[in-house]
Amino acid sequence: MQNSYNPQQLEPIVQRDWERHQAFRVTEDERLEKFYCLSMLPYPSGRLHMGHVRNYTIGDVISRYHRMQGKNVLQPMGWDAFGLPAENAAIQNQVPPAQWTYENIRYMRDQLKRLGFAYDWSRELATCHPKYYHWEQWFFTRLFNKGLVYKKKAVVNWDPADQTVLANEQVIEGRGWRSGALVERKEIAQWFLRITEYADELLQDLGKLQGWPQQVKTMQANWIGRSEGIEIIFEVKNQAPVHVYTTRPDTLMGVTYMAIAPQHALATQAAEASAKIAEFIDLCKQMKASEVEAGTLEKCGIDTNLYAIHPLTDEKIPIWIANFVLIEYGSGAVMSVPAHDQRDWEFATKYRLPIKPVIYPTSDSTFVDISQGAFINQGWLRNSAQFDGLSSQQASEKIAAELDNKNKGCRQVNYRLRDWGISRQRYWGCPIPIINCDQCGAVPVPEEDLPVRLPEAIDFDGVTSPLKSLAEFATVECPKCRGAATRETDTFDTFFESSWYFARYCCVDNDISMLDERAHYWMPVDQYIGGIEHAVLHLLYARFFNKLMRDAGLCRNDEPFTNLLTQGMVLKDGTKMSKSKGNTVDPEGLIAKYGADTVRLFVMFVAPPHHTLEWSDAAVEGAYRFINKLWRLVENHAEAGVPSETLAINGLNEKQRGLRRKTHKTIKKVTDDIGKRYTFNTAIAANMELVNEMTSFEDASPQGRAVYHEALEAVVLTLAPILPHVCHVFWQKLGHAGPVHQARWPSIDLNTLKKGNFELVVQVNGKKRAIITIPTDAKNAHIEAIALNNENVQRFIQNKKVMKRIVVPGRLVNIVTT
RNA sequence: GCCGGGAUGGCGAAAUCGGUAGACGCGCCGGACUCAAAAUCCGGUUCUGGAAACAGAGUGAGAGUUCGAGUCUCUCUCCCGGCACCA
């Protein structure tokens, strides 16, 4: 009586075996080719969701595949452990954030272990642990000393009830998600990292990322938003000149007014002279971030009664304050050309400002239609004095040169990317290692005083960070002058932690430095796997951080992630699985019912990794059935004993050769699918095909059993990365002493793929009419003759003249008739 | 509005270089085993006609290139994702 498949019993045994042998612990070995496979680390929210399972299964399959290729594979796991949900939980459950977080980590680590992921757990890290953030603080102080960090006032979403900054995602229809209060735009002092210093390199190096999806590279390029233009100086009587940035210098002669941001210095001055202007600026301050984002804000403005001087014509240009001009982009002032910019056109039409067309559609046109909107295309210049008759491109050159001559302007590159604001007025985060001293200003905490530990035993009322009122944390001595000083109580944006964790996995145990030579061995990450939602934020920050670490001499690689795989979302009933929608499927219940292997097989089989995955209970059953079928196949085969006879390749009969051919065809396909194409679904399908063929192969002869054995081993080996537990057991049942994860990936015997005969499709005028069997070495003329003589082909070519015969060797014959 | 990705049976999908459309799985239909059920096994399953052989149609719509198009080109429709007053 054979055993039946019992994953609940089998999987823990296999997992204990891995643990006992520390099967996936790795050390640096220069003799071996390294492979660093990394999945984005999870936030310890409490339980794993199906998105995690999918992400980590993909990573595990790739890791185990490369391990079987004989590589030294590092696959670590850790916890992105700082962040808001811990604070929310603290309010709801009266549990300190630290305790809540560490409990969740313990629970989720257990869940990951039950899924059988081949992690090197000795390298586990949690970003909320002082051993981790120590080095983040240390690195921040280096950046401070290098001048890559600065503090400035910035506009934020401010919740007046909770007295705190809100992230954009926490503003719902203009109100604070928690208090319901109308969110204000407020300027507060924040720490910034000079990511714009690296804008050009971050854009340029996208070209090096051959292993990244085009979509992600395009999104990053758009986010960086490089544009080339000219900065032009407009003199203002009795005032400092106003700088404007434009990408269309060819339209300069069409400027009829200037628009400045409400926060512009000139606007502030004008407000001092006029109550009406002050009132308007106040109004602008109240405009909601949400409206600005939605683009629904109505354009409005007010005349300052000031005039700028046109740099080429010396004309007087009225200066308006306009709510749509952004202080953050360019210089916070725009030269308005209403004839050729839609936004300027709308504003000019509303306030009856003059509109002067200077760009015309063709070189000889005398009319341009601007009655319904601006003419925004390039064209030919008119009404532009000495530039008349030039094309937009020629005029841009000439005007730029002219401005340069007069010292009134120069070429400039602008970026949409802004410096990265990293201050958060939150408790559960890494303390910013700065001491504020009245005498010395902002002083970085000295190396020997690091880390600045976040007090974990605190009372948390949820409204403001307890750090703000914790005297023993905030009151310190200035490291420079030894006078009384206060500690910075803001914490880092949690993206700060996730921007360098990949490097720290190489040397988590190092207590004396951030990184060491082990990082040179493992970095860069060969394969990174994660959600597309991080396309710009995390993946841009991590690239930036890697360049900062490189420039600090901590690592050598320019880019952190050589290949990137972005997996699709997991949906149920057509929408993303989420707690708020109540449509989650708990992986834990599935593991309990079917075992980890079934769950892994399902997520890998049902869709290719980058597709969204629609949940299906029935498909899980299907995956479970396949493993059971495989189990019976192995049991039946092993029951009769492992065949002692070795394969006599040249003595096989037709059927035996057929199964061998299928076996090696399958190995070839699976190797390509997992190793190169990342199409795990088709790799599984190919194995299912082979299994189906094995089912109908009945041959108990010694050679028949040997052929069957080879086929079964191929299935077990090539499915081992996906079904590690059951294949571990299968491998033993097939008579092997060592574990399957240490076995080598099967090799392909190309000779088996050769066939004596092959089937060829015959088409008449592109339509399939017959399938003929042809000897492999048949000449084209011979093939044509057989094709033409085919009975069914004859039916379609009789009474017609054969015009052309196309023979594609190994594929088809197409006969073209009149 | 701009950028990117899609659209293939009842469903998830496959077709890797322009060469048999629908592999594999789910579901469904029929059969075997069984007192019965579950499980398992066998057969069928794009649509239309036909007992079958086979024929006709067919990859969002329309055109084009080609002996041959799911695949390439153009136009359009719809869906998904990202960005958006960026000067």
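A, B, ... follow the sequence lines: proteins, then strands. Residue 1 opens every chain.
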Are the side chains of [X] and [Y] in touch, meaning some heavy atoms are under 4.5 Å apart?
| X | Y | result |
| --- | --- | --- |
| A:Ile58 | A:Met604 | yes |
| A:Cys300 | A:Tyr351 | yes |
| A:Thr663 | A:Val715 | no |
| A:Ile797 | A:Leu788 | yes |

Minimum-distance nucleotide (side-chain atoms of [X] versus [options]):
| X | options | value |
| --- | --- | --- |
| A:Thr246 | B:A87, B:C24, B:G27 | B:A87 |
| A:Ala607 | B:C86, B:G19, B:A13 | B:A13 |
| A:Thr682 | B:C86, B:A15, B:G68 | B:A15 |
| A:Gln215 | B:A14, B:G81, B:A87 | B:G81 |
| A:Val325 | B:A23, B:A87, B:C86 | B:A87 |
| A:Glu689 | B:G82, B:C26, B:C24 | B:C24 |
| A:Asp672 | B:U16, B:A14, B:U20 | B:U16 |

State which residues pass ring pair (Phe, Tyr, Trp, His ring centres under 6.0 Å) with A:Phe605; sequence neighbours excluded, sorted by chain then number. none
Base of B:C85 paired with side chain of A:Lys299 (donor-acceptor, under 3.5 Å): yes
Footprint string (nucleotides 37-56 of chain B, 5' to 3'): B base within contact, S backbone only, - free, heavy atoms under 4.0 Å: ---SSS-----------SSS
Under the side-chain contact (heavy atoms from CB on, under 4.5 Å) test, which residues partner A:Phe758, sequence neighbours left out? A:Leu760, A:Ile774, A:Thr776
For RNA chain B, what dot-bracket results from Watson-Crick or G-U pairs at under 3.5 Å, with [ ] for crossers and | for inter-strand partners? (((((((..(((......[....)))((((((.......))))))((((....))))..(((((..]....))))))))))))....
Please tabulate, for the side chains in residues 409-420 of chain A, all donor-acceptor contacts under 3.5 angstrom to protein atoms that are two or more places apart in sequence or on a different chain.
from, atom 1, to, atom 2, distance (Å)
A:Tyr415, OH, A:Asp200, OD1, 3.0
A:Tyr415, OH, A:Asp200, OD2, 3.0
A:Arg416, NE, A:Trp223, O, 3.2
A:Arg418, NE, A:Arg416, O, 3.3
A:Asp419, OD1, A:Ile195, N, 3.1
A:Asp419, OD1, A:Thr196, N, 3.0
A:Asp419, OD1, A:Thr196, OG1, 2.7
A:Asp419, OD2, A:Tyr150, OH, 2.6
A:Trp420, NE1, A:Asp493, OD2, 3.2

Under a 4.0 Å heavy-atom cutoff, the residues of residues 220-231 of chain A touching RNA chain B are A:Asn222, A:Trp223
